[in-house]
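Okay, so here's the structure we're looking at.
Remember, it's a predicted structure, so these values are computed and weren't measured experimentally. All ligand and atom numbering here is 1-based and tracks the order in the structure.
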Amino acid sequence: MIKAIYNHIDLLYIFFIVGGDKNIKNGNVEVMNDLNNPYNPGAGAPPPELAGRDQVLNEIKLAIQRAHIGKPPRNYMLLGLRGVGKTVLLQRILGDVSSENTVQDLEACPDRSLPEQITPILYRILIDLDRKKRVGHGVKRALGLLHEFAAAFEVHVGEFTIGTSGPKASGDLAMDLTDLMVAVGEAAQQRGVAVVLAIDEVQYLSKTDLAALITALHRISHRQLPLIFLGAGLPMLAKLAGEARSYAERLFAYPKIGRLDEISARQALEVPARTEGAEFTDNAMAEILKVTECYPFFLQVWGDFVWRIAESSPFLIEDVEKASISAIEHLDSGFFRVRYDRLTDTQQHYVQSMANRGPQPVKSAEVAASLGIPPSKAAPIRAQIVKKGMIYSPRRGEVAFTVPKFDEFILRIM
Ligand SMILES: Nc1ncnc2c1ncn2[C@@H]1O[C@H](COP(=O)(O)OP(=O)(O)O)[C@@H](O)[C@H]1O
Ligand SMILES: [Mg+2]
């Protein structure tokens with residue numbers, strides 16, 4: 001009992017020190033400190049307020065509910081530049097539907113094959129289906145196929161024991177993956193649940209792997225099995241999928257995830273501040289919306305810096321101006337710099353020439369001309385930069401940056 005009281009006093013004491021030392025500055029009540037900073041900049045970092053995505057969120061959740069009750073499945077591929085919030089949206093959807101359904105996700109990796117990446121994921125889905133209701137011949141059959149699949153494609157995964165190649169695996173990826181995923185879909189159907197398979201950064205899959213995946217989803221769609229695919233990736237993905245299989249266009253809905261509208265951007269900053277007892281003046285808010293162009297990642301970065309820099313609430317335009325200097329320095333030495341440094345000198349010249357033409361998509365022929373090289377020489381350079389994920393082709397013969405405001409960074413350091 002006495003110990004409990006002491007603990008309590010300790011806590012009060014700590015609270016008192018923290019409060020006394022940090023929360024009063026220059027006579028103003030300061031509500032901001034590192035401890036209660038609500039903003040969360042970073043790849044895949046869940047935002048304190050997921051603003052402006054209700055429509056797409058509800059649409060996809062509805063599609064999953066429909067699959068759950070046996071309606072035809074619908075697949076989605078979220079498309080957008082870096083930092084617009086595709087990953088956190090995907091994660092939110094999975095989190096919201098996971099209690100009723102079986103969900104698994106993976107982030108595609110450029111130098112591993114699809115079988116290697118998807119085998120453990122499908123395995124976990126089957127184990128989960130098995131747990132949902134014991135002894136089902138659908139799950140058993142799918143597990144058998146999975147072992148054969150793993151053996152046929154020489155999958156070596158730590159947690160997964162490889163089986164022996166049986167008569168069912170043909171060694172043709174599209175065929176075997178289709179059989180396997182259909183079996184998973186049938187197992188889910190027997191269980192009366194939907195399976196949600198999410199793959200982030202889909203653009204990193206090879207053309208063959210992407211084609212096989214699309215073939216499998218096509219069959220699942222024909223069979224109306226409750227397996228939903230949620231993909232996310234850079235905007236060129238729609239084109240890549242279409243090139244891999246012509247019917248991809250009809251198989252997926254491609255919601256465009258972009259910058260937030262002003263009302264949502266404001267909400268993304270204001271709601272978290274308000275829960276901590278802080279607010280922005282109208283001028284301060286207008287300035288943030290202007291400099292961030294309402295891109296979600298930059299909103300978090302600016303929120304974070306304003307919070308750290310401002311002495312008191314409400315936050316003023318002066319606070320934002322100071323925060324902008326620090327935020328840009330921070331991005332220039334980290335977020336932008338690491339990407340830029342991955343380019344060779346020749347590739348850097350290429351993107352410099354693009355940056356000189358502004359943020360909008362530019363004609364690759366113009367870039368080649370400004371570099372003084374024929375298009376045939378510029379094409380492989382461009383292809384390398386695309387492969388590194390720094391630029392993409394929004395339309396034939398055009399290139400654009402995959403990272404918003406990358407052009408401004410390049411101009412600053414040129
Ligand atoms: N709708 C949103 N509202 C507020 N912040 C967001 C929103 N979507 C994403 N963010 C923030 O943006 C950053 C990038 O999100 P992320 O999902 O990694 O983007 P992407 O996968 O498109 O590159 C994260 O810090 C995240 O918290
Ligand atoms: Mg992402």
Those atoms of ligand 1 less than 4.0 Å from some heavy atom in Glu49: 3 (N), 4 (C)
Going by the order shown, which atoms of ligand 1 are within less than 4.0 Å of some heavy atom of Ala268? 4 (C)
Lys256 NZ: over 12 foreign heavy atoms closer than 6.0 Å: no
Just one of Arg219, Lys140, Arg191, Arg223 clears the salt bridge (charged side-chain N to carboxylate O under 4.0 Å, His left out) bar with Glu186, so which one? Arg223
Pairing of Glu201 and Arg82 as salt bridge, 4.0 angstrom limit: yes
Among all the protein's non-hydrogen atoms, which is closest to atom 23 (O) of ligand 1, and how far away is it? Gly83 N, 2.7 Å
From atom 26 (C) of ligand 1, work out which of Ala45, Gly44, Gly42 has a heavy atom at the shortest distance. Ala45
Suppose we call two aromatic rings close when their centres sit under 6.0 Å apart. Are Tyr39 and Trp302 close by that rule? no
For ligand 1, is Ala51 a contact, meaning one of its heavy atoms is under 4.0 Å away? yes
From Arg92, Glu107, Lys86, Gln91 - option closest to atom 22 (O) of ligand 1 by heavy atom: Lys86
Can you tell me which portion of Ser264 lies within the under-4.0 Å heavy-atom range of ligand 1? Options are side chain, backbone, both, or neither. neither
Would you say Leu62 has more than 12 foreign heavy atoms packed within less than 6.0 Å of its CG? yes
Among Arg53, Glu201, Gln300, which residue places a heavy atom closest to atom 5 (N) of ligand 1? Gln300
Is it the case that more than 12 heavy atoms not belonging to Glu249 sit under 6.0 Å from its CD atom? no
Among side-chain atoms of Glu59 and Tyr76, is any donor-acceptor pair under 3.5 angstrom? yes
Taking 4.0 angstrom as the limit and counting only heavy atoms of Asn40, give me the atoms of ligand 1 inside it, by number and element. 24 (C), 25 (O), 27 (O)
Can you tell me if Val84 contacts ligand 1 (heavy atom of the residue under 4.0 Å from the ligand)? yes
At a 4.0 Å threshold, what atoms of ligand 1 neighbour a non-hydrogen atom of Arg82? 23 (O)
Say you draw a straight line from CD of Glu287 to OG1 of Thr292; how long is it, rounded to the nearest 0.5 Å? 9.5 Å
Distance filter under 4.0 Å to Val88 heavy atoms, resulting ligand 1 atoms: 8 (N), 9 (C), 17 (O)
Below 3.5 angstrom, do we get any N/O pair linking Leu260 and ligand 1? no
Under 4.0 Å to a heavy atom of Leu81 - the qualifying atoms of ligand 1, by number: 22 (O)
Sub-3.5 Å donor-acceptor pair from the side chain of Asp176 to the main-chain atoms of Gly171, do we have one? yes
Does ligand 1 have an atom under 4.0 Å from some heavy atom of Gly52? no
Does a sphere of radius 6.0 Å around CD in Glu243 hold more than 12 heavy atoms from other residues, nucleotides or ligands, not counting ones at 6.0 Å or beyond? yes
Exceeds 12 heavy-atom contacts within 6.0 angstrom, atom CD of Gln55: no
Atom indices of ligand 1, in the order listed, that fall short of 4.0 Å to a heavy atom of Ala43: 18 (O)
Is it the side chain (CB and beyond), the backbone, both or neither of Pro296 that lies under 4.0 Å from ligand 1, heavy atoms counted? both
Which one of Gly258, Gly85, Pro46 has a non-hydrogen atom at the shortest distance from atom 15 (O) of ligand 1? Gly85
For a quick test of reading the model, state the closest non-hydrogen atom pair linking Leu269 to Leu299 and the distance between them. CD2-O, 3.4 Å
Within the 4.0 Å heavy-atom shell around Thr87, which atoms of ligand 1 are there? 17 (O), 21 (O)
Ligand 1 N/O within reach of Leu89 N/O, cut-off under 3.5 Å: no
